[in-house]
Every structure is written in C-alpha cells, then in structure tokens.
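See structure below.
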Amino acid sequence: DSRIKMAGENSTVLVTGFGPFHHHRVNASWVAVQELAGIGVKHRGEEVHLEIREIPVVYEVVSKEIPKVWEEVKPKLCVHVGVSPYDCIKIEKNGSNVGYFLPDVASQTPANGVCVKGSSDVITTIFNAEEVCKNVSLKQPDVRFETSEDAGQYLCDFIYYTSLQLQKAPVIFVHVPPLDNPYSQDQLARGLKNIIETLLEHMEQL
C-alpha cells in the first residue's frame, strides 16, 4: 500500500493532542499525549521515537499546519487524539469531509462546512479497528475500549480527515474521555501506548 511505502524508513510516530476549548480548559487529549511521551512506546523491544504536537482547536490552523507537520516529521504512523464526552477510549474508523458547521475557538467554520474541497465524503482508516480494539482490551482490561464510525464532525473529525486524505502513512484517531471521568491520565496514556504498540504490530501484517 502506498500509504506504507511512502513512509520510508523513518520510524517516528507522530502523536497529536488538542488545546483547550469551551469547558475543556485542560484538554485530556494533550495531557494524555504528554504523559505518553513520558512513559514511552516500544516495538520489538526498542524505544519508538514519538513526535508530539499540541494542536489548537482551529479549523484553519489544522488545514494549513497539519500538511506541513507531515512534511517535516515524515512519520511512519500518525495518531491523532482528542477528548470526547464518552466514558471509554474510542478508536475511530472514519474521517468525514463534510458537515463542519460547529464554530471553532476562533468562532470560525470551514467554507461550506467542507474539510477538503473536491475530495470524497468519507475516508476509512487502513487499520482493522475491531482487531485493534480487541487486542488492546486484552492488554489493558482496566480500561474500556470501543470502536466508532462517527468522529463527531468537529476538530477531531476534521484533523482525522485532513491526515487521511494526504495518504502518506497509516493514520488513526483516538477519542479519550475527560480526565478522571472515569480514567486517570496514567490510564489514558497507557491506553494510547497500548494502541500505538498494537498498531505497529498490525502494520507488519498490512
């Protein structure tokens, strides 16, 4: 698959979280990503290089900056993380191109509610989300993992679609619950660690 070949020999995993928005003055996604960087990720016994970025909850910034980040980092895998109101960690299957009418923190929306003009309505991740979910649930039984087909048509969905349509390397989006509702930042970070380590294993079979 071109999305794997184009990643080349680089072993970096790009992991993003979001900044504050609305009542989420501390965004659980960025807290979990920072904690993840502290505990680290391993593949085949070796430490994986993580490149972490905090992304503002602004459509225009995502549209302009995410392609630049891809060019700069050239990751072999990209994991975007966002916060959701649900009480579990959700592995998202699809990114949507349309329906972005909810204003961002700059009170803006994309033109006509579209992420990438002229692109398909939905793009699905290359990963088998059910298999990933099953594997991480076995690794971390103290946390509930689920799959989802709707990333919410806000910045989470928007960044997911932006990266998926670039087709440079495999991409997944992970929704985490708010901090301590019900999981600690350590549990969330370990959830991300287990997901990434599972994805790296699955990439060997793609």
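We count residues from 1, following the sequence as given.
If you take CD1 on Ile172 and CG on Leu77, they are separated by 8.5 Å, rounding to the nearest 0.5 Å. Note: Phe145 CZ to Ile91 CD1 = 7.0 Å, rounded to the nearest 0.5 Å. Separation of atoms CE (Met203) and NZ (Lys76) is listed at 5.0 Å; rounding is to 0.5 Å. We find the SG-CZ distance between Cys156 and Phe173 to be 3.5 Å, quoted to the nearest 0.5 Å. Note that CD of Gln167 and CH2 of Trp70 are 10.5 Å apart. Values are rounded to the nearest 0.5 Å. Atom NZ of residue Lys193 and atom OG1 of residue Thr198 lie 10.5 Å apart, to the nearest 0.5 angstrom.
A donor-acceptor pair shorter than 3.5 Å can be found between the side chains of His80 and Ser163. Between the side chains of Ser184 and Asp186, no donor-acceptor pair is found at a separation under 3.5 Å. Side-chain contact, Asn94 with Thr124: a donor N or O sits under 3.5 Å from an acceptor N or O. Glu197 and His202 form no side-chain donor-acceptor contact under 3.5 Å, judged by distance and modelled atom types alone. A donor and an acceptor atom, one from each side chain of Ser148 and Glu92, are located under 3.5 Å apart.
A salt bridge links Glu72 and Arg53; the closest N-O separation between the charged side-chain nitrogens and carboxylate oxygens is under 4.0 Å. A salt bridge links Lys134 with Glu131: the distance from a Lys NZ or Arg NE/NH1/NH2 to an Asp or Glu carboxylate oxygen falls below 4.0 Å. Ion pairing between a basic and an acidic side chain is recognised when a charged N comes within 4.0 Å of a carboxylate O; Glu60 and Lys64 show such pairing. A salt bridge is absent between Glu46 and Lys42: the closest approach of a Lys/Arg side-chain nitrogen to an acidic carboxylate oxygen does not fall below 4.0 angstrom.
The closest side-chain heavy-atom distance from Val33 to Leu192 is below 4.5 Å. A heavy-atom distance below 4.5 Å is not found between the side chains of Val114 and Tyr100.
Sparse packing is recorded around OH of Tyr86, with 12 or fewer heavy atoms of other residues, nucleotides or ligands lying under 6.0 Å away.
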| What's the verdict on salt bridge (charged side-chain N to carboxylate O under 4.0 Å, His left out) for Glu71 and Lys168, showing C-alpha distance, side-chain angles and the deciding distance? | CA-CA 9 Å; Glu71 283 302 312; Lys168 291 181 179 291; 2.9 Å; yes
| task | With salt bridge (charged side-chain N to carboxylate O under 4.0 Å, His left out) as the test, would you mind laying out the steps for Glu204 and Arg44 before giving the verdict? | result | CA-CA 11 Å; Glu204 296 181 343; Arg44 293 183 169 273; 2.7 Å; yes
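Checked options Ile195, Val15, Ile196; the residue passing with Val41 is Ile196 (criterion: side chain to side chain contact (heavy atoms under 4.5 Å, CB included)). When each of Asp180, Leu179, Val83, Val174 is paired with Leu188, the side chain to side chain contact (heavy atoms under 4.5 Å, CB included) condition holds for Leu179 and for no other. When the options Ile126, Leu164, Thr125 are evaluated for a side chain to side chain contact (heavy atoms under 4.5 Å, CB included) with Pro170, the one that passes is Ile126.
Put simply, the side chain of Asn128 gets close to the backbone of Glu130: a donor and an acceptor are under 3.5 Å apart. Side-chain atoms of Glu65 never come within 3.5 Å of backbone atoms of Val62 as a donor-acceptor pair (strictly under, hydrogens ignored).
Tyr160 and Leu166 fall within the same hydrophobic cluster, where Ile, Leu, Val, Met, Phe, Trp and Tyr residues are linked whenever their side-chain heavy atoms come under 4.5 Å apart, directly or through other members. Under the 4.5 Å side-chain contact rule for hydrophobic residues, Val171 and Ile52 share a cluster.
Note on ring orientation: taking the six-membered ring where Trp is involved, the planes of Tyr59 and Phe158 are perpendicular (angle over 60°, cut-offs 30° and 60°).
Taking every heavy atom of both residues into account, Cys115 and Ser96 meet most closely at CB-O, 4.4 Å.
Residue pairs meeting the salt bridge (Lys or Arg N to Asp or Glu O under 4.0 Å) criterion with at least one member in residues 141-150, sequence neighbours excluded, are Asp87-Arg144, Lys90-Glu146, Lys93-Glu149, Arg144-Glu146.
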